[in-house]
Amino acid sequence: MNDTSKEKESSKSLNFIQAIIEEDLRQGKNEKRVHTRFPPEPNGYLHIGHAKSICLNFGLAQQYGGKCNLRFDDTNPTKEEVEYVDSIKEDVHWLGFDWEDREYYASDYFEILYDYAITIINKGKAFVCDMSAEEISANRGTPTRPGKESPYRDRSIEENLDLFRRMRAGEFKEGSHTLRAKIDMSSPNMHMRDPVMYRIMFDHHHRTGDKWCIYPTYDFAHGQSDYIERITHSVCTLEFEVHRPLYDWFLDQITEPGSYRPHQYEFARLNLSYTIMSKRKLLELVKEKYVNGWDDPRMPTISGLRRRGYTPESIRYFADKIGVAKRDNVIDVALLEHSIREDLNKRALRRMAVIRPVKLVIDNYPDGLVEYMDATNNPEDPESGVRKMSFSKELYIERDDFMEEAPPKFFRLKPGGEVRLKYAYIVKCEYIEKDKDGNIEVIHCSYDPETRSGMPQSNRKVKATIHWLSAAHSKLAEIRLFDRLFTVEIPDEAEEGKDFKDYLNPDSLEVVQGFVEDSFQDVKALDKFQFERLGYFCVDPDTDANKLILNRTVTLKDAWAKIERKQS
RNA sequence: UGUCCGAUGGUGUAAUUGGUAACACGUCUGACUCUGGAUCAGAAGACUCAAGGUUCGAGCCCUUGUCGGACAACCA
């Protein structure tokens, strides 16, 4: 980083959370510690929205010399699985963040949480309720109408203690009892209407096994976990805003006034145009096979983006660009695409590939001759050097690079026209050969031997330069062309009688057989390249010795495509 | 008819004790180019939700309203 960009970095305006932290630091709060946490529930794969939160939480810790914990919020055994724990750890690491030895689980705190509950019962501020879920719900009231107090609300402390102990001991049926906080059934905030703290569930927990049959709810676990871990700034998304009074209420019960306590701050979750972010809906796409798993390159999951060819750097750059605020937002996918182009342009090696091949024969080129052309590996990186590309009489070029009846703005190959074959010769289209259905089979050209790249005569101006492959020296590859998963900007806003699945893009995946340079010998999964004039591609992990599979991450910006779009 | 939160170009985010709207993406020109890429130069685009008020001065403060979002799992 040079001086000016460093300056830019330090003078960059603060987001509202940074402003709060700096103010806290100024006032010497929390012994000037900054300690955050990323608290996923292991019930699904992480997506780009989580990446925003990860970059925020770990980024804040980094920026202020603090720490960030990874904490699994695993208080509901019915939904949580180790598979998800593993994928989450992999994804956070891949994004470039390290929680060191601070890998925590809310379930590690079950015993402490139980003791906190006892404390609150002893204060007369919690009670065991015998109502069913339906009854509790029916008595909760509505946002505008107060709820009714439970008939069990005034049990004695001794009785509550005894009942709660027996709940833990497994004496009661699932759903028959809960432990509830005694707050205020007429509170305008629904979450303060005697919320449930513990429920009975005879499920096997992915970590504690069958040790427990009562589990704390999110509200009774989260703030206390923050407290146990000595978190200073507990950053979460906006939907938890209404939970904050409850978060503070529970902490009031277990902390001394004026002593350390964590604080919750909420920011707006990320929404991306042409995609969905709800875990539930993503799970639906996976389960109902609309996509090929959580890591399908069309998914906004971290694993999907990784397989698509996104880099951690590009995602961190993206997270930085979108900012952090409290208003609802929909980020243009174009910004995500810009982020990966920005990164890969500097780093990706250039290669030639032909996705929709058509044969081009240079009639006046000697039969059997093979020349080796110098091709630059990356014009943005002088260190990257050159490679040799085999050139011969029979080539493949892109079908789109030829038009029989070309509009004036089409600069590429047309009958009687000339075009530069990159790193090779200028060729002229003499005539075309079609099959009986009128499809072009072969484009016959002549070449000018004086125009080979680097020769004195080679700087003759032609309107366009196209990419090519020597037919005899190319390698077959399966190429997967991805497009946005949905056809509308906000699939969640479905019209009457439709749901988000009605807006799935039928053309989100196109598989074609194309060719790549024969230099593709020992590539490995997720290696990234720019195919000249086409876009950025990466090697799909399904690639094996007999089959090379390439995923298109994103196209290059395409001025011609834009002109075409306007004309149609 | 409740409580809480929010409202700044097409999109997102800024504007540090009130001083006259900035940056990024996108869009559009042009230059350059053996990638219609990249790069470079430039342009258009916001009377800051509305109406009042305080003030010499308001995107920032106050009042009222409008619109949008969240909240009625023993989910997180």
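By convention in this document, chain letters (A, B, ...) are assigned in the order of the sequence lines, proteins followed by strands, and residues within each chain are numbered from 1. Please read these numbers as outputs of a predicted model, since none were measured by experiment.
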So what does [X] touch, heavy atoms closer than 4.0 Å: a base, only the sugar-phosphate, or nothing?
{"X": "A/Thr78", "result": "nothing"}
{"X": "A/Pro379", "result": "base"}
{"X": "A/Lys422", "result": "base"}
{"X": "A/His243", "result": "base"}
{"X": "A/Met201", "result": "sugar-phosphate"}
{"X": "A/Phe72", "result": "nothing"}
{"X": "A/Gly454", "result": "base"}
{"X": "A/Tyr198", "result": "nothing"}

With syn meaning chi within 90° of zero and anything else anti, the base of B/A50 is anti
Pair assignment for RNA chain B - dot-bracket with | for other-strand partners, Watson-Crick or G-U under 3.5 Å: .((((((..((((.....[..)))).(((((.......))))).....(((((..]....))))))))))).....
Determine whether any donor atom in the side chain of [X] lies under 3.5 Å from an acceptor atom in the base of [N], or the reverse, and answer yes or no.
{"X": "A/Arg420", "N": "B/U33", "result": "no"}
{"X": "A/Arg145", "N": "B/U1", "result": "no"}
{"X": "A/Arg412", "N": "B/G36", "result": "yes"}
{"X": "A/Glu380", "N": "B/G37", "result": "yes"}

Residue from A/Gln264, A/His263, A/Arg37 passing side-chain hydrogen bond (donor to acceptor under 3.5 Å, both in side chains) with A/Ser234: A/Arg37
Round to the nearest Å and state the distance from [X] atom [atom1] to [N] atom [atom2].
{"X": "A/Arg327", "N": "B/U48", "atom1": "CZ", "atom2": "C1'", "answer": "10 Å"}
{"X": "A/Asp320", "N": "B/G12", "atom1": "CG", "atom2": "C1'", "answer": "13 Å"}
{"X": "A/Met352", "N": "B/G37", "atom1": "CE", "atom2": "P", "answer": "17 Å"}
{"X": "A/Asp492", "N": "B/A70", "atom1": "CG", "atom2": "P", "answer": "11 Å"}
{"X": "A/Lys279", "N": "B/C75", "atom1": "NZ", "atom2": "P", "answer": "15 Å"}
{"X": "A/Asn271", "N": "B/G6", "atom1": "CG", "atom2": "P", "answer": "18 Å"}
{"X": "A/Phe531", "N": "B/G37", "atom1": "CZ", "atom2": "C1'", "answer": "15 Å"}
{"X": "A/Phe220", "N": "B/A76", "atom1": "CZ", "atom2": "C1'", "answer": "17 Å"}

RNA chain B nearest-nucleotide lookup for A/Phe16 and A/Gly175: closer to the 5′ end is A/Phe16
Take A/Thr144 and A/Asp328, find for each the nucleotide of RNA chain B with the closest heavy atom, and name the residue whose nucleotide sits nearer the 5' end. A/Thr144
Check this for me: does any side-chain nitrogen of one of A/Lys422 and A/Glu532 sit under 4.0 Å from a carboxylate oxygen of the other? yes
Nearest-angstrom distance, [atom1] atom, [N] to [M]:
{"N": "B/A31", "M": "B/A38", "atom1": "C1'", "result": "14 Å"}
{"N": "B/U16", "M": "B/U39", "atom1": "P", "result": "32 Å"}
{"N": "B/G12", "M": "B/G18", "atom1": "P", "result": "28 Å"}
{"N": "B/A43", "M": "B/U48", "atom1": "C1'", "result": "22 Å"}
{"N": "B/G68", "M": "B/U35", "atom1": "C1'", "result": "45 Å"}
{"N": "B/G59", "M": "B/U3", "atom1": "C1'", "result": "27 Å"}
{"N": "B/A24", "M": "B/A46", "atom1": "C1'", "result": "16 Å"}
{"N": "B/G53", "M": "B/U1", "atom1": "C1'", "result": "29 Å"}

Just to verify, which of A/Phe110, A/Trp212, A/Tyr105 counts as forming a ring pair (Phe, Tyr, Trp, His ring centres under 6.0 Å) with A/His205? A/Phe110
Looking at A/Leu113 and A/Phe220, what are the two nearest heavy atoms and their distance? O-CE2, 3.4 Å
